[in-house]
Amino acid sequence: MTKTNSGRFFEDYKVGDVIRHAVPRTVAEGERALYHALYPARHALYSSDAFAADCGLDGSPLDDLIAFHVVFGKTVPDVSLNAVANLGYAEGRWLVPVYPGDTLRSESQVIGVKENSNGKTGVVYVRTRGFNQHDEVVLEYVRWVMVRKGNLDAPAPEAVLPDLKKVLSVEDLVVPEGLTFDDYDFGLAGEAHRWCDYEIGEVIDHVDGVTIEEAEHMIATRLWQNTAKVHFDLTFRPEGRLIYGGHVISMARALSFNGLANAQMIVGLNGGAHANPCFAGTTVKAWSEVLDKAETDVPGVGAIRLRLVATSDGSVGQLKGEDGKYLPGVLLDLDYWALMPI
Amino acid sequence: MTKTNSGRFFEDYKVGDVIRHAVPRTVAEGERALYHALYPARHALYSSDAFAADCGLDGSPLDDLIAFHVVFGKTVPDVSLNAVANLGYAEGRWLVPVYPGDTLRSESQVIGVKENSNGKTGVVYVRTRGFNQHDEVVLEYVRWVMVRKGNLDAPAPEAVLPDLKKVLSVEDLVVPEGLTFDDYDFGLAGEAHRWCDYEIGEVIDHVDGVTIEEAEHMIATRLWQNTAKVHFDLTFRPEGRLIYGGHVISMARALSFNGLANAQMIVGLNGGAHANPCFAGTTVKAWSEVLDKAETDVPGVGAIRLRLVATSDGSVGQLKGEDGKYLPGVLLDLDYWALMPI
Amino acid sequence: MTKTNSGRFFEDYKVGDVIRHAVPRTVAEGERALYHALYPARHALYSSDAFAADCGLDGSPLDDLIAFHVVFGKTVPDVSLNAVANLGYAEGRWLVPVYPGDTLRSESQVIGVKENSNGKTGVVYVRTRGFNQHDEVVLEYVRWVMVRKGNLDAPAPEAVLPDLKKVLSVEDLVVPEGLTFDDYDFGLAGEAHRWCDYEIGEVIDHVDGVTIEEAEHMIATRLWQNTAKVHFDLTFRPEGRLIYGGHVISMARALSFNGLANAQMIVGLNGGAHANPCFAGTTVKAWSEVLDKAETDVPGVGAIRLRLVATSDGSVGQLKGEDGKYLPGVLLDLDYWALMPI
């Protein structure tokens with residue numbers, strides 16, 4: 001009865017430790033097809049080999065969020081199994097595109113710990129890196145989670161809080177090698193709006209909505225080999241399966257095509273909050289706000305910083321109440337950088 | 001708020017206009033696997049590379065209806081977004097098989113417009129062509145839809161009604177290059193019945209049925225990047241999501257294997273009506289009627305013209321009532337040509 | 001109305017007959033991705049090309065149960081269509097791994113028949129073989145089913161009962177050519193337990209559970225081109241769709257990763273019983289018992305014989321009641337051999 005993984009508890013994380021996560025994964029055309037089947041994804045660079053080749057890439061990469069979900073999924077058995085809450089993200093960077101046939105694995109370094117005053121839980125900060133089969137880092141991000149203590153008598157560790165950037169600067173972002181928007185076909189991409197057409201502060205209602213079914217989010221979450229019980233087992237959570245927060249991220253990002261069809265590549269994740277839990281039956285809609293714009297060092301390639309908000313009530317432009325807390329209709333508040341033709 | 005696509009209205013279509021649809025799509029083994037997962041598809045030519053090679057092809061093409069759905073899906077944002085109803089199809093022809101790795105895009109030419117007498121809607125006729133990455137036309141068909149006017153004061157255009165063939169003749173059909181049934185293995189194909197065993201007027205009950213679930217039809221419809229709201233958003237259509245008509249076509253065609261296992265390739269679409277809407281919970285069954293038979297100019301390759309009817313009530317052989325209207329249990333009435341070993 | 005397959009009845013099976021099953025199938029990366037989406041499968045050898053290459057294989061094979069389901073699915077129209085019950089399995093052996101791009105077909109030889117005393121049904125024993133495109137046998141197994149008689153007046157055939165091994169010996173098992181665990185990475189595999197850490201009689205609770213949804217099991221079952229009505233058509237079985245027994249096998253095997261992450265390859269199937277029917281809404285959990293251990297003739301490669309039990313009630317270690325019958329909470333009792341690093 002002792003051979004199964006009961007997960008790590010707060011006291012098991014030491015700053016500096018590197019956790020090598022299990023189960024490397026080869027991703028290919030099947031994962032791409034499923035991504036299109038599970039989300040209304042239409043960004044042309046991730047849909048067409050020919051379009052991507054015209055943008056200077058070796059065919060169409062897998063969606064940046066496929067890379068994120070696969071890398072994230074591997075961390076679940078080591079990081080989230082006894083987690084009470086997923087508190088935040090920072091310093092996420094996509095460094096190398098992932099192509100069909102690549103094999104991904106993940107490692108996380110513990111970069112901070114702080115026991116909570118209740119003595120029952122603590123916050124753990126990890127920097128996770130995803131590697132491909134060439135040992136290139138394809139993706140990295142910081143995540144912090146609240147984790148239960150297994151042994152309430154374990155002494156509180158010295159608190160270490162990492163110094164994290166609130167926002168990545170454009171210099172932190174990596175434009176994939178060879179990327180060019182010189183021959184970008186706006187007609188095939190689906191919208192005429194280019195980087196210079198967006199204004200800081202602009203809010204975009206993405207209009208479309210999807211009412212989520214149980215089978216869909218479970219299929220998606222399993223695809224990333226994320227096996228956290230709460231997403232699958234109704235006896236564990238009789239009030240309904242909690243939908244994996246990443247499912248809401250992908251759904252909202254795909255919906256944002258309508259108004260942001262040219263925000264092709266995600267290259268930076270500044271922060272993110274799963275503001276409220278999401279359950280099957282919810283109709284997810286999305287809106288975006290342009291937070292910033294910057295030119296990259298590649299001519300013609302602009303960076304746009306976007307707040308992507310997923311909602312359960314169709315509201316647009318409202319985020320927090322007077323108490324500073326997220327409104328109940330907000331599911332996700334994500335702050336990311338994307339690349340767009342100038 | 002003005003960056004999203006609000007779709008074209010009736011007055012936006014001018015005869016002669018060519019609409020280049022967005023979001024090219026590379027289709028591969030993943031789409032094939034999903035097609036087999038979503039429909040009980042068993043036609044051997046689309047299941048086995050080895051079987052297809054024995055039929056003279058370069059491996060197994062993707063199902064003809066995958067090509068149709070992908071090409072059709074691209075037209076939705078430009079043709080169907082403000083459509084009230086999908087009225088009909090004509091002159092559909094499959095010209096070049098689609099293989100894994102091909103990239104498809106679509107164009108539609110407006111070939112007819114006619115404002116309705118109510119002044120609020122009109123009928124638009126488009127001829128849609130799907131292209132592969134070599135700019136070969138892989139598929140073409142005419143579709144007409146009823147579209148809302150955006151500006152009720154827009155003057156009615158001169159009515160133009162295209163001259164469409166009621167039925168494609170066998171000379172209009174294209175037998176894929178290299179196709180041969182000389183070494184056709186009826187045992188592996190699943191049935192012994194050949195072209196000469198079918199009689200005009202014969203009705204075949206395909207027996208099997210599938211009760212459709214919400215998650216399935218949404219997964220299918222998204223796979224074709226068809227993002228029409230009615231298929232996904234329960235707040236938009238609280239009485240239930242309307243199932244994409246193409247989902248019913250694929251379901252019925254797959255069910256028709258039982259009795260028509262050798263009607264391998266779809267090469268012509270003479271017409272089609274989505275007779276009644278379909279919702280989750282419906283048990284789709286199907287029957288076919290042999291409408292015509294003809295020999296192609298390739299020895300051993302026969303063409304069979306079939307009426308494929310999908311039903312919600314399991315009825316067989318009944319189509320319309322005394323009033324000339326489709327019976328309530330009829331979901332689909334499709335008239336197509338398939339190729340079969342003589 | 002006579003062109004559809006009404007299936008074989010008991011009197012149609014003659015000992016010695018070989019039935020060539022229809023619809024060969026090419027399996028590829030899409031099937032692999034769907035397998036990961038439908039089951040919480042994490043065995044590293046089937047997840048990562050790089051991990052499999054380190055184990056001496058030509059990349060990651062498709063899951064052994066994909067091979068089983070595809071080969072099995074083809075037999076349904078010829079063996080199970082008029083079956084009352086699937087009674088048992090024996091002498092199952094995986095002989096050659098199946099790789100993406102392989103094309104599978106199936107044949108079954110009738111090796112036993114015995115009419116039941118009621119004169120209405122009989123038991124048919126078949127040995128099914130799955131072949132790849134090189135005509136190599138990739139998989140074989142014996143299955144016996146109870147089948148209805150079509151003609152109650154047909155005389156009872158001479159009873160022939162095949163002599164089947166209760167358990168395959170380690171000499172019967174085939175270790176895939178080239179397989180080595182010499183450089184096996186336990187960290188990437190997910191658990192440290194090796195062959196020598198397991199004791200005969202040991203029981204492992206796999207802890208995790210999945211509550212099954214209708215759409216999922218239908219998608220899975222169709223993927224294997226298993227079209228038995230009972231799994232799809234609610235008008236045929238209004239009390240609920242019966243979940244394909246193989247879906248429960250794959251779910252339980254995937255859940256068994258937690259505690260048996262290094263039981264990588266399934267090479268033998270000694271027996272199996274679908275103890276109770278499974279319907280949507282069931283939360284499937286699993287436990288295993290170590291039944292035996294043996295060394296293969298490949299140094300470092302151990303064989304472990306496992307009883308894999310799927311449950312609907314989360315019970316662990318209990319199988320049968322005092323009456324010798326399976327307890328109502330037991331869905332599956334499977335006896336198989338797997339390969340594990342010593």
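In the text below, chain A, chain B and the rest are named by the order of the sequence lines, each starting its count at 1.
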Under 4.5 Å from a heavy atom of chain C, the part of B:Phe186 involved = neither

Among B:Ile212, B:Ile219, B:Leu38, which residue forms the greatest number of heavy-atom pairs with chain C at distances under 4.5 Å?
-> B:Leu38

Around B:Glu199, counting heavy atoms of other residues, nucleotides and ligands shown, do more than 12 lie under 6.0 Å from its CD?
-> no

Name the region of C:Pro100, side chain, backbone, both or neither, that has any atom closer than 4.5 Å to a heavy atom of chain B.
-> neither

Which atoms of C:His231 approach chain B - backbone, side chain, both or neither, heavy atom under 4.5 Å = neither

Does any heavy atom of chain C fall under 4.5 Å from the side chain of B:Thr283, the backbone, both, or neither of them?
-> side chain

Heavy-atom proximity to chain C below 4.5 Å, by part of B:Arg42 | both

Any B:Ser288 side-chain heavy atom under 4.5 Å of C:Lys3 side chain | no

Donor-acceptor pair, C:Arg241 side chain versus B:Thr211 backbone, under 3.5 Å?
-> yes

C:Leu34 versus B:His36: any side-chain heavy-atom pair under 4.5 Å?
-> no

Check against side-chain contact (heavy atoms from CB on, under 4.5 Å), B:Asp49 and C:Gln133 | CA-CA 9 Å; B:Asp49 282 346; C:Gln133 71 276 21; over 6 Å; no

Without swapping roles, check the side chain of C:Thr227 against the backbone of B:Pro40 for a donor-acceptor pair under 3.5 Å.
-> no

B:Asp183 atom CG, over 12 foreign heavy atoms within 6.0 Å = no

Between the OG1 atom in C:Thr4 and the CH2 atom in B:Trp287, the distance rounded to the nearest 0.5 Å is 15.0 Å

Check whether more than 12 heavy atoms from other residues, nucleotides or ligands sit under 6.0 Å from atom CD of C:Glu177, and answer yes or no.
-> no

Engaged part of B:Ala50 at the chain C interface, taking heavy atoms whose separation is under 4.5 Å | both

Can you tell which of C:Asp233, C:Leu223, C:Leu234 has the highest number of heavy-atom pairs within less than 4.5 Å of chain B?
-> C:Asp233

Which answer fits B:Glu191, side chain, backbone, both or neither, if we ask what part of it has an atom under 4.5 Å from a heavy atom of chain C?
-> side chain

Measure the CZ-CG distance between C:Phe232 and B:Asp208 for me, rounded to the nearest 0.5 Å.
-> 9.5 Å

Taking B:Ala33, B:Ala28, B:Ala37 one by one, which has the highest count of heavy-atom pairs under 4.5 Å against chain C?
-> B:Ala37

Side chain B:Ser47, main chain C:Pro24, donor-acceptor under 3.5 Å | yes

Close side-chain approach of B:Val207 to C:Lys229, heavy-atom, < 4.5 Å = yes

Taking the side chain from C:Gln225 and the backbone from B:Ala41, do they hold a donor-acceptor pair closer than 3.5 Å?
-> yes

Flag the one option from B:Tyr35, B:Tyr39, B:Tyr198, B:Phe51 with the top tally of heavy-atom pairs under 4.5 Å to chain C.
-> B:Tyr198

Salt-bridge contact B:Asp185-C:Arg20 (side-chain N to carboxylate O under 4.0 Å) | yes

Atom NE2 of C:His217 and atom CD of B:Glu213: how far apart are they, to the nearest 0.5 Å?
-> 7.5 Å

Looking only at non-hydrogen atoms, find the nearest pair between B:Ser48 and C:Thr103 and report the distance.
-> OG-CG2, 3.3 Å

